[in-house]
Protein chains: 2
Amino acid sequence: MQVPKASDVLAEELRERILRGEFREGTVLPPERELVVQTQMSRTTVREALRILEVQGLIRIKTGRSGGAYVQVPGEESVASSVNLMIRGRRIRLAALLETREAIEPACARLAAKYRTDSDLVALETANVAISVESGSLADFLQANVDWHVAVATASHNELLTGFMSALSRAIYASTDNQGFIDAEVRSLTLRAHQRITEAIRARDADGAVRRMSRHVHAYAEAVLKIDERTAIEVPEG
Amino acid sequence: MQVPKASDVLAEELRERILRGEFREGTVLPPERELVVQTQMSRTTVREALRILEVQGLIRIKTGRSGGAYVQVPGEESVASSVNLMIRGRRIRLAALLETREAIEPACARLAAKYRTDSDLVALETANVAISVESGSLADFLQANVDWHVAVATASHNELLTGFMSALSRAIYASTDNQGFIDAEVRSLTLRAHQRITEAIRARDADGAVRRMSRHVHAYAEAVLKIDERTAIEVPEG
DNA sequence: CTGCTAAATTAGGTACGACCAAAAACCTGG
DNA sequence: CCAGGTTTTTGGTCGTACCTAATTTAGCAG
């Protein structure tokens, strides 16, 4: 007997209707009790279906009067969270994260050089200014670093790459935090590299942007892994 | 008053315990009724929490005796499904999908050439054989095509790239299906290109693999977009 | 008329309790 | 020892009642 779960069926139907555009972004689905009379299902089942859609990022549920299930479109956060779960669950090594970034980010730089707008440049420069603040804490530096890398991805105007890169950057941030990875020299080298890449993107120099970005992320990866190895030896069961 | 939802709290706690390794993959969480007495929450709440974890790919729920919430680790399917939701929800254009593949897949080819095993090669060749079957339908061809591309990603031995690429390949498959994209010439060109790339990967020729893959996906993208444009003009409101 | 507070209203959140359905384990007749 | 039905465990669904949040609206003071 093949009996798919009622809540899954409802969730699937609502999902299709949302993706089909029947409910536009920002509109609210009918209230739970209304869905109950429409679907002849129990409120428990209806609620489970809504929960599924919420976790998938298709709706956002608000309580109170004029609350309800607000339709939204799954975006970067959704992809980022599943990527993060995979990274944590599979215990993906820092080396693999850096390798992935080496694989993807040069391509982001190429597209950024191709499609950047003036406001993209502003975002890049703002992030660079934040990095150059020498008095900032390590966390500040890393955050500004993430912001810059995400800004590059954003400048590519490719939503898929942007979502993936922001997840990746945050994961790398989390892994390189709370360890003695970054010293003053790394910070100044990073700043210089970012500036040179930003220049290439500004000049719409696609090949230059790729080359400089490749070198930058490769050098960063090598530096981090060297330190990672050392600390791994020093603290075998950290 | 800041009252986070009870089910979210439970879900978060269980999620952390799973990711922390407290429950190993394949083990089962306590039954719902047991969690009820442990947490002092209602069964409704407990079930909602489990549903959340299920959607996030952290558990798989089976019914019946010796059923329950089996712990698993979120993998490619999880990432792929959220990427697909984003693609459908944001109505990402075929051009952007192809652009993304052009950005990522050459890097996959490089890593594949670097890390491939013999069994990876077998998978690649098996997919190529499936492609070469001339009598196959369009769906068969496209499926075999997807299999080959996924096999390249798998050979990179980078789980993140693999997950992302398989989602991307399937989305491109879905977009190029049911349209007159592929003719006999494209099929034979594709087969030749795949064989040449496979050879480079076999020879561990990283640069060659990158170059050939770049050319292949670029040519494919150009061909598809040319046809896409034409059909878009012919059928303005398809 | 203005502005603030309090009640009414609408929606989601939680709790029980009962019962259904699936699947493994168990038992019993052959 | 085996086949087939029965028991038991565990998730799935239902219905009702009640709590909580948030907005709206009504009422009251100034």
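Scope of the values below: all heavy atoms of this structure, side chains included, with no hydrogens, waters or symmetry mates. Letters go in sequence order (proteins before strands), and every chain restarts at 1.
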Kindly state which residues belonging to residues 51-64 of chain B come within less than 4.0 angstrom of DNA chain C, counting heavy atoms of the residue only, listed by number. Thr63(B), Gly64(B)
Just how far, in rounded Å, is P of dT10(C) from OH of Tyr70(A)? 15 Å
Can you label the angle between the Phe164(A) ring and the Phe164(B) ring as parallel, tilted or perpendicular, going by 30° and 60°? parallel
Is there a side-chain contact between Arg101(A) and Met165(A) in this structure, where contact means two heavy atoms from C-beta onward sitting under 4.5 Å apart? yes
Using a strict threshold of under 4.0 Å (side-chain N to carboxylate O), is an ion pair present between Glu13(A) and Arg20(A)? no
From CZ of Arg65(A) across to P of dA22(D) the rounded distance in Å is 14 Å
So do the side chains of Glu54(A) and Arg60(A) get within less than 4.5 Å of each other, counting heavy atoms only? no
So, do Val133(B) and Phe141(B) sit near enough that their side-chain heavy atoms are less than 4.5 Å apart? no
Considering only heavy atoms from C-beta outward, does the side chain of Arg116(B) approach that of Leu121(B) to under 4.5 Å? yes
Is there a side-chain contact between Thr176(B) and Val224(B) (heavy atoms, below 4.5 Å)? yes
Could you check if a side-chain atom of His157(B) sits within less than 4.5 angstrom of a side-chain atom of Leu111(B), using non-hydrogen atoms only? no
Residue-level proximity of residues 38-45 of chain B to DNA chain D when a heavy atom falls under 4.0 Å: Arg43(B)
State whether Arg51(B) and Glu48(B) are salt-bridged, where the test is any N-O pair (Lys NZ or Arg NE/NH1/NH2 against Asp/Glu carboxylate O) under 4.0 Å. no
In whole angstroms, how far is the P atom of dC14(D) from the CD atom of Glu48(A)? 10 Å
Rounding to an integer number of Å, can you tell me how far Arg47(B) CZ sits from dG17(C) P? 17 Å
Sidechain N-carboxylate O distance under 4.0 Å for Lys5(B), Glu12(B): no
So if I take residues 22-37 of chain B and measure heavy-atom distances to DNA chain C, which residues fall below 4.0 Å? Arg33(B)
